[in-house]
Each structure stands twice: as C-alpha cells, then as structure tokens.
Amino acid sequence: MSAHHAGNGRFRNPHAMPPAEDRWLRDRLPFFWGMARRGREQVSVPEGHVLARSEVEAGLQRHHNSDSYTWLGHAAFLIRLNGATILTDPYLSDHAGPLNRFGPRRYVPPAIAPAELPPVDILTVSHNHYDHLDLATLKALPHKHRTTAVVPLGLGRYFHHHGFRAVIELDWYDRTEQNGVSVTFTPALHFSRRGLFDRNRSLWGGFAYAAGHRNLFFSGDTAYGPIFREIGEKLGPFDTAFVGIGAYEPQVIMRNSHTTPEQAAQLARDISAKRVVGMHWGTVILSEEPPFEAAERFRRGAAAVGYAPGEADVMPIGGTRAV
C-alpha cells in the first residue's frame, strides 16, 4: 500500500507536515467566528478585476483555434489544449458551502455562468472542498454526456449522481489519456472534508496536462514542500503553472494547507515552470488577509525567484491568454 494510503479508507500527505501550532479555543474558534461574518461582507473590487462579458467573449473568440486558458474566477479555468476543452475546479455558484446557501458568498460573479459554458471534453476537480467541488455548478453544467470527469480517489460518486457518464478516479501519479490530452493526477499537501466525519476519506491533489509540445500544471490547493521538486523531476518542465496564491492568513492555521504568494512562486520554480499564473484569490473571502493583497505579494515573490514581469501573471477574471 502506498504511504499516502493511511488505511481505513483514509489518506494522508506524502511527507510529514510540521505539527500544527494552533489551538481550537485560542486560534480556530475566533478564526471561524470571524469568517462567518467576513465571508458575507461587501468588498470594494478594483476596476478591471472583472472583465465585461463582451471582453470575455472577444478573448475567447480571438483564441478559439489555439492553445489558451481563460480564468473564470478562483481556481476555475477553461483551458484549450490540442483541440480539447478542459474545465478545472468549477466553483461558479454563489456560496462556497452547503446547499449553495451557507458559507462565504463570492463577491464577484464568474466570468461565464455554468449553463453558458462551451462543451467541455475533460473536467478535472482537485478535491472535495466547497470552493472546488461545487455541486450547484455540476448540476448546471451542460453537455455532460460528452464530458469525462477526472477526479481523485473517492470522489466519483458525486459526478455519477450529477449525470456524468464517464468518470475516472485517479491516485497520485496515475494517468489517463482523453481527447488527445494526457492527464496525470499529482500530489499536494492539503486535506479533504465536506462534513463532520469524513476528513481525508477522499484524496486531494493537482493535475498535469500534456498534449503535443505543451505541458501545463494545476496545483489545486496545497501547502509548500519538497514534493514539488519531485513533480518537476518526474513530469516537468512545464510551459505554464496555475498556482494558488490566496487564503494564507493566519499562518498558524493556513500554513499546512495553502501556500503564501511567495511560496507559490517558489513552487512554480521547483516544478520548472516557464510561466506562472496566480489563482485561488480575488473571488471569495476564505481567510484573514485583505482580498487583493495576494496579487502584489505574488508579483514581488515571483520577481525574487527570477521570473520576469511577463512570466508571472495576475489575470483579470474573464481574461484569456495564449499558452
């Protein structure tokens, strides 16, 4: 049995994580109490952070026949690769919580509503947290008869239940070939949970997508650790890496599950990514840092590890870039 299979149907991280320093009453209870309030606050959104629908459509049309990616918000991307359309972690509904009614409310709309998405060939979901596995979005997605859902061990039942005919569960470093794209599930330092008693009963991770001469990496949610040098050695180098840069404060709670913006830039270096794109920010309040702090810290962190300004990207929601 692989080391990350803990037995009793549970999973664990690939390397020993530093012991948690927080205490429930001292750290976590005040944090969750504060998030219950802050998650529904009004947020002042900078001009240009969300593109108008006409600009979104123009960008998609401009890159219709080429390898490209469009940021829909948070960790959701629409990727065109080798003629296939890939959708990542589509949290496109109002709330990151049960029944699309509870939990933090997104403060910006998605670039494209679920029902208006183009036909998707490959849907990948990195883990079961509500801001990644969004059942309201799964229910609303059109053209499910032609979509192959590629998901971690233990998550397939959600996709079967919501009408997907082709569902593939992967363990770390398992690979599947779909629509001319090689999809490999990669390790991450995180955890899974949707309820009170299901912690780590499904796996978590990221994805590598390879087709032709292109190689892309999607980190999922993760802390920073030596596993990324291993991923780079096994699957790199990468043309573009999509890495999480938000939800990192307070560090006493977040350091074992999310990278800081600076660590995200280093992660991209570790996997030998030529270009790095920040995600998992600017959409919904999940932590204590100011909502738009991550972008500037990420730019500075990327420069510190040798990325030129054009190689470290902080996109507007709805923006499309060529691979």
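No hydrogens, no waters, no symmetry mates; every other heavy atom, side chains included, goes into these values. All values derive from a computational prediction rather than experimental measurement.
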On the ring face of [Y], is [X] found with NZ or CZ under 6.0 Å from the centre and within 45° of the axis?
X	Y	value
R275	F242	no
R255	Y248	no
K274	F238	no

Any [X] side-chain heavy atom under 4.5 Å of [Y] side chain:
X	Y	result
L189	N256	no
W204	T222	no
P119	T85	no

When the ring planes of [X] and [Y] are compared, do they come out parallel, tilted or perpendicular, using 30° and 60° as the limits?
X	Y	answer
H74	H132	tilted
F228	F217	perpendicular
F11	H4	parallel

Counting only N and O atoms by type, is there a donor-acceptor contact under 3.5 Å from the side chain of [X] to the main-chain atoms of [Y]?
X	Y	result
R106	Y91	yes
T283	W281	yes
D270	L267	no
K139	H162	no
R194	N128	yes

Reference residue Y209; test side chain to side chain donor-acceptor pair (under 3.5 Å); the match among T124, N82, T184, N215: T124
Pair H63-Y69, ring pair (Phe, Tyr, Trp, His ring centres under 6.0 Å): steps then yes or no: CA-CA 9 Å; H63 296 279; Y69 48 89; 8.9 Å; no
Aromatic ring proximity H129/F191, centre distance under 6.0 Å: yes
Is any NZ, NE, NH1 or NH2 atom of the basic residue among [X] and [Y] found under 4.0 Å from an Asp or Glu carboxylate oxygen of the other?
X	Y	answer
R80	D67	no
K234	E230	yes
E177	R175	yes
E116	R53	yes

No-hydrogen, no-angle side-chain donor-acceptor test under 3.5 Å, H280 and D221: yes
Side-chain donor-acceptor contact under 3.5 Å, D89 with H127: no
